[in-house]
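The structure under discussion appears below in the form of C-alpha cells.
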Amino acid sequence: MPSSPPPPDSSTYFRKGFGLKAEIQEELAAYEGALVDRMKASDYTLSAGDVTIRLAREFGFCYGVERAVEYAYQTRRKFPDRRIVLVGEIIHNPYVNARLRDMGIEILDRAERVAFDFSSIRPEDVVILPAFGVTIEDFERLRGLGCILVDTTCGSVLNVWKRVESYARDGFTALIHGKYYHEETRATASQVRKHGEGHYLIVRDMSEARVVCDFIEGKADASAISSRFAPHAVSPGFEPSAHLRKIGVANQTTMLARESLAIGQEIGAAIARSRGETARTAEFRTFDTICSATQERQDAVIELLSEPLDAMIVIGGYNSSNTISLAALCAERVPTYHVESAAAIDPERKSIHYRRAGIKHVEAETSDWLPSSGTVRVGLTAGASTPNNKIGEAIVRILATRGLDPD
Ligand code: SF4
C-alpha cells in the first residue's frame with residue numbers, strides 16, 4: 001500500500017488566512033443586515049399591518065462559509081497584483097460569487113462529470129480552494145503547478161474526509177449519502193484513494209440505498225448496481241460482490257440529517273438480515289457526518305414549522321445542497337418557495353419565481369402565493385451561504401407585496 005503523499009510546502013500552501021482580518025472588516029460588513037439584526041432582537045419576528053414574518057432561529061452564513069469568504073478577501077488584500085483563481089464557486093451563492101468576480105477573482109467552471117481545466121494556471125498565480133474542498137487528484141495537479149494555494153476547505157468537511165479515509169484504510173467501502181456531482185461529495189469520495197485503492201459508492205437518497213440493500217440481501221444482482229450507479233457514482237474498478245461486503249456509511253455534510261441516519265440504519269439492517277448480527281458488528285460502520293451548522297438550521301426550521309404558517313420562503317442558491325434540504329423539510333408542512341435571492345419576489349406583479357422543492361431543476365412562477373388581504377404569517381429561513389443583507393432584501397419585498405414597509 002503506498003504511503004501518504006508528503007505535506008504541502010508551507011511557503012506556497014496557506015489554510016489559516018494571512019492575518020489581515022482587521023483590514024477587510026469594512027468590506028465584509030456589506031454582508032451584514034440591519035433588518036435581520038432587528039428581527040433577532042424581537043424574538044425573530046417582524047410584524048407590519050396584517051403580515052407577520054417569522055425567522056428561523058438558525059439560518060444563513062455558517063462558520064465554514066464565513067471563513068472561506070473571509071480568506072478570499074484576505075487573499076485579494078495579500079496579493080493585490082496577482083491573478084487569483086477560484087476552483088469552482090467558493091460557496092453556492094450567486095451574489096457572493098459575483099462580488100468576488102467584481103474583485104477580479106476568476107472562478108473556474110466545470111461541466112458535470114468533467115475535470116477542471118487547469119491549463120491556464122501559471123506558477124505565479126494564486127489559487128483558492130473552496131469551502132467544499134477539491135479532489136485529491138485536483139489538489140495534486142495544482143500542487144504540481146507550483147502556484148500558491150489558499151485552502152478554505154471547511155473543518156467539518158475535513159472530518160468527513162478523515163472518516164472515509166479510515167474506512168478505506170481498514171478495507172471498508174465508503175457508502176456516501178450525497179450528490180455524486182456535488183463538489184464536496186466528489187472531494188470526499190476521492191479520499192478513499194489517499195492510502196491506496198479504496199472504493200466508494202454514492203447514494204442520493206433512500207430509494208437508491210434500497211437498491212444497495214437488495215443486492216446485499218441477494219434480492220438483486222450486480223447488474224442492478226451497475227445500471228444505477230456506474231460509472232458516475234462508484235469508484236473505478238468497483239465490483240459489487242467484492243466491494244459491498246464491508247461497508248462504512250458517511251454523508252455529505254449538508255444532506256437531510258434524518259434521511260442520512262435512516263440510510264445508515266437500513267444498510268446495517270440489510271447486512272444483519274443477510275449475514276447475521278456478527279457481520280453487522282464486524283463488517284459495518286456508520287458515522288453521522290452532517291455538520292453542526294446544517295443540523296442546527298434543520299432543527300431550527302423544524303421548530304419554526306410547529307407554528308401556524310401560511311407560507312415558507314427559503315433563500316439560497318438553487319445548487320446549494322443545504323438550502324435544498326431546508327426547502328424539502330418545509331415543503332412537507334407548508335407551501336414552500338425556494339428563491340435564489342430577493343429579486344425573485346416581485347412586489348409590483350405580486351409574484352414569486354421559485355424552485356419547486358424535491359424536483360430537480362424545476363422552476364415555477366406564481367402570483368398566488370401571498371393572500372392580498374387578511375392576516376398572514378410567513379416563515380423565513382436561508383441556506384448556509386446566504387448573507388444577512390440578502391435576507392433583509394427579501395423581507396422588504398415580502399412586505400412590499402402587501403404594500404407595506406418594515407418601518
Ligand atoms: S455547511 Fe457545514 S460543512 Fe459546509 S461550509 Fe458550512 S459548516 Fe462547513
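As the structure lists them, so they are numbered: ligands from 1, and atoms in each ligand from 1. FYI, side chains are in, hydrogens and waters are out, and symmetry mates aren't considered; it's all heavy atoms of this structure.
- The nearest protein atom to atom 8 (Fe) of ligand 1, hydrogens excluded, is given as C154 SG, 2.3 Å; this is a heavy-atom distance.
- The closest approach between any non-hydrogen atom of N322 and ligand 1 is not below 4.0 Å.
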Take H92 and S320, measure what side-chain hydrogen bond (donor to acceptor under 3.5 Å, both in side chains) needs, and give me the verdict at the end. CA-CA 5 Å; H92 286 148; S320 159; 5.5 Å; no
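- At a threshold of 4.0 Å, the pair E27-R99 does not count as salt-bridged, since none of the basic side-chain nitrogens sits closer than that to a carboxylate oxygen.
- Listed by atom number, the atoms of ligand 1 under 4.0 Å from T254 heavy atoms are 1 (S).
- Interface of G64 with ligand 1, defined as ligand atoms under 4.0 Å from a residue heavy atom, comprises 5 (S), 7 (S), 8 (Fe).
- Nearest non-hydrogen protein atom to atom 4 (Fe) of ligand 1 is T253 OG1, 4.0 Å.
- Of the listed residues (G383, A68, C62), the one carrying the non-hydrogen atom nearest atom 6 (Fe) of ligand 1 is C62.
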What's the verdict on side-chain hydrogen bond (donor to acceptor under 3.5 Å, both in side chains) for R163 and T289, showing C-alpha distance, side-chain angles and the deciding distance? CA-CA 8 Å; R163 183 66 45 181; T289 53; over 6 Å; no
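- With a heavy-atom cut-off of 4.0 Å, Y63 touches ligand 1 through its side chain alone.
- Aromatic ring centres of F79 and F18: separated by under 6.0 Å.
- In summary, the atoms of ligand 1 found under 4.0 Å from a heavy atom of S156, numbered by their order in the structure, are 3 (S).
- Relative orientation of the H243 and F238 rings is tilted, given thresholds of 30° and 60° on the angle between their planes.
- Between I202 and T185 there is a side-chain heavy-atom pair separated by less than 4.5 Å.
- Given atom 2 (Fe) of ligand 1, the protein heavy atom at minimum distance is C291 SG, 2.3 Å.
- A salt bridge does not link R377 with D310: none of the charged nitrogens is closer than 4.0 Å to a carboxylate oxygen.
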